[in-house]
Asker: 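Take a look at this one; I'll ask things after.
Nothing here was measured: the structure is a model prediction, and the numbers come from that model.
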Amino acid sequence: MNIREVEKSSFSIIGKEGLGKAQEADIWIPPLWQEATNAFEEIIHLIKQPLTIWGAMSDESGQFKPWNNGGLYLAGIEVENSAQKPENWTKWTLPGFRYFVVETTTYEMNKTYSDMWNYLTQNDLKIVGAVQEHQSISAENPEELELWFPIERI
């Protein structure tokens, strides 16, 4: 597992939001992506270049704390912090964090999460916020993505 460290200041995402349980994520998250991608033309003018797609997560309070048994999920794109969300869309502004970033695929996400939890535990580290999913549109394989594990708030 290749881990790189990234510091990212506060940033904003506009997308479609849902709330659900972690063990049922494969049931309630894909429809959010379907809804978002079917309507991306409504927010295409707001995209921050280069196009970056986020599966953002937060605890149920919306304070970007780690999920317990579930939480909030936002399927969307990165926009300028000053962007105004259109009607029927949700905008989140995430705080700045230092992250451990791990590349994976949609097929290997569960294993990657497990490997990363083991790594954090073995190194006496803890995450300080919800994990974020990041996908670059330039990826050769649409199944490739990165998991961003926040280890320090900045």
Side-chain angles (χ1 to χ4, degrees), residues 1-20 22 25-26 28-30 32-33 36-37 40 43-85 89-154:
M1 179 170 60
N2 184 18
I3 300 170
R4 75 179 197 280
E5 200 170 308
V6 173
E7 190 170 294
K8 185 163 178 65
S9 58
S10 178
F11 66 102
S12 296
I13 300 168
I14 291 179
K16 298 297 183 174
E17 181 184 77
L19 171 67
D26 60 336
W28 63 275
I29 291 177
L32 294 174
W33 280 110
T37 56
F40 268 163
I43 60 171
I44 196 93
H45 64 286
L46 300 173
I47 293 172
K48 182 177 179 180
Q49 296 295 329
L51 172 61
T52 305
I53 300 168
W54 289 93
M57 294 180 245
S58 176
D59 63 309
E60 292 181 26
S61 73
Q63 302 210 355
F64 305 103
K65 295 178 182 173
W67 275 19
N68 285 318
N69 294 322
L72 295 167
Y73 187 94
L74 186 69
I77 58 169
E78 189 168 345
V79 298
E80 296 292 340
N81 286 348
S82 61
Q84 298 297 309
K85 71 167 189 71
W89 289 85
T90 300
K91 179 181 175 184
W92 287 3
T93 298
L94 287 77
F97 286 102
R98 188 166 54 99
Y99 294 91
F100 281 159
V101 179
V102 182
E103 293 180 12
T104 189
T105 66
T106 55
Y107 306 112
E108 296 176 335
M109 278 179 59
N110 289 339
K111 181 183 181 323
T112 303
Y113 271 109
S114 179
D115 291 348
M116 194 62 187
W117 295 134
N118 289 336
Y119 173 83
L120 292 168
T121 301
Q122 290 168 0
N123 290 283
D124 200 30
L125 297 167
K126 294 185 180 200
I127 62 169
V128 297
V131 177
Q132 309 303 331
E133 299 169 357
H134 170 264
Q135 186 175 20
S136 170
I137 201 65
S138 63
E140 292 180 21
N141 178 351
E143 302 301 325
E144 293 175 353
L145 63 117
E146 297 172 330
L147 296 177
W148 290 46
F149 293 83
I151 55 169
E152 181 183 0
R153 202 169 189 143
I154 57 171

Asker: Are Glu152 and Glu7 packed together at the side-chain level, in the sense that at least one heavy-atom pair is separated by less than 4.5 angstrom?
Answerer: no

Asker: Decide yes or no for Trp54 and Leu94: does some side-chain heavy atom of the first lie under 4.5 Å from some side-chain heavy atom of the second?
Answerer: no

Asker: Taking all non-hydrogen atoms of both residues, which atom of Ala25 and which atom of Pro30 are closest, and how far apart?
Answerer: O-CD, 3.4 Å

Asker: Please report the shortest heavy-atom distance between Ala36 and Ala75, naming the atom on each side.
Answerer: CB-O, 3.7 Å

Asker: With rounding to the nearest 0.5 Å, note down the distance linking CD in Glu60 to CG in Leu19.
Answerer: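 Interatomic distance, Glu60 CD to Leu19 CG, rounded to 0.5 Å: 5.0 Å.
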
Asker: Checking the side chain of Trp89 only, and the main-chain atoms of Lys16 only, is there a donor and an acceptor separated by less than 3.5 Å?
Answerer: no

Asker: Please determine whether the number of non-hydrogen atoms from other residues, nucleotides or ligands lying under 6.0 Å from atom CG of Asn118 exceeds 12.
Answerer: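 Above 12, so yes.
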
Asker: Do Thr106 and Glu143 have side-chain atoms, one donor and one acceptor, less than 3.5 Å apart?
Answerer: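 Yes - a donor-acceptor pair under 3.5 Å links their side chains.
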
Asker: So for atom CG, which belongs to Asn69, do other residues, nucleotides or ligands contribute more than 12 heavy atoms lying within a distance under 6.0 Å?
Answerer: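 No.
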
Asker: To the nearest 0.5 Å, how far apart are CD in Glu108 and CG in Asp115?
Answerer: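 Spacing of CD (Glu108) from CG (Asp115) equals 9.5 Å.
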
Asker: Compare all side-chain heavy atoms of Phe11 with those of Lys48 and state whether any distance is below 4.5 angstrom.
Answerer: no

Asker: Working to the nearest 0.5 angstrom, can you tell me the gap between Ile29 CD1 and Glu133 CD?
Answerer: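 Atom-to-atom, Ile29:CD1 and Glu133:CD are 6.5 Å apart.
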
Asker: Is a side-chain donor or acceptor of Asp59 paired with a backbone partner of Pro66 at a separation under 3.5 angstrom?
Answerer: no

Asker: Between CD1 of Ile14 and CD of Gln84, what distance do you get to the nearest 0.5 Å?
Answerer: 8.0 Å

Asker: So which heavy atom on Leu145 is nearest to which on Gln135, and how close?
Answerer: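 Residues Leu145 and Gln135, closest heavy atoms: CB-CB, 4.5 Å.
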
Asker: Does atom CG (Asp26) have a neighbourhood of more than 12 heavy atoms from anything else shown, all under 6.0 Å?
Answerer: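 Yes.
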
Asker: Between the side chain of Gln132 and the main-chain N/O of Ala130, is any donor-acceptor distance below 3.5 Å?
Answerer: yes

Asker: Roughly how far apart are Gln49 CD and Glu80 CD, rounded to 0.5 Å?
Answerer: 10.0 Å

Asker: Hey, what do you get for CH2 (Trp117) to OG1 (Thr121), rounding to the nearest 0.5 Å?
Answerer: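 Separation between the atoms: 8.5 Å.
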
Asker: For residues Ile127 and Phe97, determine if any side-chain heavy atom of one lies less than 4.5 Å from a side-chain heavy atom of the other.
Answerer: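 Of all side-chain heavy-atom pairs linking Phe97 with Ile127, none is under 4.5 Å.
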
Asker: Give the minimum heavy-atom separation between Tyr119 and Met1, together with the two atoms involved.
Answerer: CB-CE, 3.9 Å

Asker: With a 4.5 Å cut-off on side-chain heavy atoms, are Leu120 and Phe100 touching?
Answerer: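 Heavy-atom side-chain distance check passes, below 4.5 Å.
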
Asker: Can you find a heavy atom in the side chain of Arg98 that is under 4.5 Å from one in the side chain of Glu5?
Answerer: yes

Asker: Please report the closest heavy-atom contact between Trp33 and Gly55, naming both atoms and the distance.
Answerer: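 Scanning both residues completely, I find the closest heavy atoms to be CZ2-CA, 3.7 Å.
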
Asker: Can you check side-chain contact (heavy atoms from CB on, under 4.5 Å) on Thr90 and Leu74, steps first, answer last?
Answerer: CA-CA 8 Å; Thr90 300; Leu74 186 69; 3.9 Å; yes

Asker: Got Lys8 and Trp148 here, is their nearest side-chain heavy-atom distance under 4.5 Å?
Answerer: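 The answer is yes, as the side chains (C-beta and beyond) meet within the 4.5 Å cut-off.
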
Asker: Is the side chain of Thr52 donor-acceptor paired with the backbone N or O of Pro50 at a distance under 3.5 Å, no angle test?
Answerer: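 Checking the backbone N and O of Pro50 against the side chain of Thr52, a donor-acceptor pair under 3.5 Å is found.
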
Asker: Determine whether more than 12 heavy atoms belonging to other residues, nucleotides or ligands lie under 6.0 Å from atom CD of Glu103.
Answerer: no

Asker: When Ser12 is tested against each of Val79, Ile77, Leu46 for side-chain contact (heavy atoms from CB on, under 4.5 Å), which residue passes?
Answerer: Val79

Asker: Check whether any side-chain N or O of Lys85 sits under 3.5 Å from a backbone N or O of Gly15 as a donor-acceptor pair, and report yes or no.
Answerer: no

Asker: If we only count heavy atoms from C-beta on, is the Thr104 to Lys111 side-chain gap below 4.5 Å?
Answerer: no

Asker: Of all the heavy-atom pairs spanning Met116 and Ile3, show the shortest one and how long it is.
Answerer: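 Scanning both residues completely, I find the closest heavy atoms to be SD-CD1, 3.9 Å.
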
